[in-house]
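The block underneath contains the structure these notes are about, expressed in structure tokens.
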Amino acid sequence: MPRDLRQAIGFLIGFWIALVVFGPLAAPRAWGAPAQPDASLAGLEAALHEAVNRYRADRHLIRLERRKDLDAVARAHSLDMARRRYLSHRSPEGAGWVERLGAARVEGFALAGENVGLTTRGDPNREILTGWIHSEVHRRNLLARPYNATGIGVARAPDGTLYYTQLYLTFPR
């Protein structure tokens, strides 16, 4: 228990830092995040990967290699957004994709970006990809020449809303 104002402020600053640094590490495990999504979500992830690569191929860009370690990071973020009902590149504690990649010990990449989205539509992948294509910022990630790897995660909220995260990374070849 802090004895004076200085100790109380130090405690609050330390507590805030611990939440920002360690919260993203503990949160998915505390919620029982599955290692693999259910079959329908895994199918959506695979289909989105193919659709994104077709979109890139039509523009003469290289195929994005899907990586399991990146899928796990993307899936955990989608699950967090679905469970806590927010849509953002940053968690409520302030952790972004760079912090999430670091917490997952993903190393060796030169560039990283992320697209997120949510939908309740009957053709969710089409809705998400169309939205990203029509958004200048999201389209930049889809079409960035340096990216060569991706991770995709889809999670379903209790009300049926689907939350999407796609990571884009550049690894040396």
Side-chain angles (χ1 to χ4, degrees), residues 20-25 27-29 33-82 86-91 93-119 121 123-156 161-173:
V20 169
V21 172
F22 297 110
L25 292 172
R29 283 187 284 281
Q36 297 295 322
D38 69 43
S40 66
L41 298 180
L44 287 172
E45 291 171 357
L48 181 65
H49 178 236
E50 289 308 313
V52 166
N53 276 328
R54 274 193 310 276
Y55 182 73
R56 288 176 60 87
D58 289 347
R59 284 140 189 88
H60 310 288
L61 297 171
I62 65 167
R63 183 173 179 76
L64 298 175
E65 174 192 347
R66 193 165 172 208
R67 291 179 39 152
K68 290 182 186 208
D69 58 342
L70 302 180
D71 282 351
V73 174
R75 200 172 287 131
H77 185 55
S78 290
L79 184 61
D80 186 39
M81 291 189 296
Y86 71 93
L87 178 68
S88 178
H89 296 288
R90 295 205 164 275
S91 71
E93 295 77 27
W97 67 85
V98 173
E99 291 85 3
R100 289 192 299 278
L101 290 165
R105 294 190 164 88
V106 175
E107 298 174 340
F109 61 92
L111 295 171
E114 178 182 73
N115 284 351
V116 297
L118 66 81
T119 184
R121 301 288 172 97
D123 189 354
N125 281 358
R126 182 171 169 216
E127 176 76 14
I128 290 295
L129 187 54
T130 299
W132 288 346
I133 289 168
H134 287 96
S135 162
E136 183 180 337
V137 173
H138 294 93
R139 187 175 55 252
R140 249 186 264 139
N141 281 336
L142 287 167
L143 298 177
R145 288 186 182 281
Y147 292 143
N148 57 20
T150 191
I152 299 172
V154 179
R156 183 177 285 111
T161 302
L162 293 172
Y163 288 79
Y164 281 70
T165 303
Q166 183 169 17
L167 293 166
Y168 306 86
L169 283 85
T170 303
F171 287 94
R173 295 267 178 189

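- A cation-pi contact links Arg67 to Phe171, judged by a cut-off of 6.0 Å to the six-membered ring centre and 45° from its axis.
- Of the residues Leu129, Ile128, Asp123, the one that meets the side-chain contact (heavy atoms from CB on, under 4.5 Å) test with Arg126 is Asp123.
- The OG1 atom of Thr161 sits 11.5 Å away from atom CE of Met81, with the distance rounded to the nearest 0.5 Å.
- Listed for the Asp71 side chain is a donor-acceptor partner under 3.5 Å among the backbone atoms of Ile152.
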Hey, mind stepping through Leu41 and Arg75 against side chain to side chain contact (heavy atoms under 4.5 Å, CB included) and telling me if it holds?
-> CA-CA 10 Å; Leu41 298 180; Arg75 200 172 287 131; over 6 Å; no
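- Judged by distance alone, the side chain of His77 and the main-chain N or O of Arg90 form no donor-acceptor pair under 3.5 Å.
- Pairing each heavy atom of Val73 with each of Ala104, the nearest pair is CG2-CB, 3.4 Å.
- The distance from the CG atom of Asp69 to the CD atom of Glu107 is 10.5 Å, given to the nearest 0.5 Å.
- To the nearest 0.5 Å, atom CZ of residue Arg59 and atom CZ of residue Arg139 are 9.5 Å apart.
- When all heavy atoms of Ala74 and Gly153 are compared, the pair lying nearest together is CB-N, 3.5 Å.
- Aromatic ring orientation, Trp132 versus His138: parallel (interplanar angle below 30°, classes split at 30° and 60°).
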Which is it for Ser91 and Glu99 under the side chain to side chain contact (heavy atoms under 4.5 Å, CB included) test, yes or no, and what are the steps along the way?
-> CA-CA 10 Å; Ser91 71; Glu99 291 85 3; over 6 Å; no
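- Residues Leu167 and Thr150 share a closest heavy-atom pair of O-OG1, 2.6 Å.
- Defined by atom type and a distance below 3.5 Å, a donor-acceptor pair is missing between the side-chain atoms of Asn115 and Tyr164.
- In this structure a side-chain-to-backbone donor-acceptor pair under 3.5 Å is missing from Arg63 to Ala57.
- When all heavy atoms of Tyr147 and Asn141 are compared, the pair lying nearest together is CD1-O, 3.5 Å.
- In this structure, Glu127 and Leu162 have side chains that are not in contact, with every pair of non-hydrogen atoms separated by 4.5 Å or more.
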For Val116 and Tyr163, what are the C-alpha separation, side-chain angles and deciding distance, and is it a side chain to side chain contact (heavy atoms under 4.5 Å, CB included)?
-> CA-CA 7 Å; Val116 297; Tyr163 288 79; over 6 Å; no
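- No side-chain heavy atom of Arg56 sits under 4.5 Å from any side-chain heavy atom of Leu142.
- Glu136 is listed as a side-chain neighbour of Arg140, based on a closest heavy-atom distance under 4.5 Å.
- How far CG of Leu143 is from NE2 of His60: 12.0 Å, rounded to the nearest 0.5 Å.
- Contact check on Glu50 versus Arg54 returns no salt bridge, with no Lys/Arg side-chain nitrogen under 4.0 Å from an Asp/Glu carboxylate oxygen.
- In this structure a side-chain-to-backbone donor-acceptor pair under 3.5 Å is missing from His89 to Gly113.
- Closest approach of Pro172 and Gly108 over heavy atoms only: CD-O, 3.1 Å.
- A side-chain donor-acceptor contact under 3.5 Å links Tyr86 and Asp80.
- Residue Asn53 comes nearest to Leu64 through the heavy atom pair OD1-N, 2.7 Å, listed as atom of the first residue, atom of the second, then distance.
- Looking at Ser78, its side chain does come within 3.5 Å of a backbone N or O of Thr165 through a donor-acceptor pair.
- Judged by distance alone, with hydrogens and angles left aside, the side-chain atoms of Arg173 form a donor-acceptor pair with the main-chain N or O of Asn148 at under 3.5 Å.
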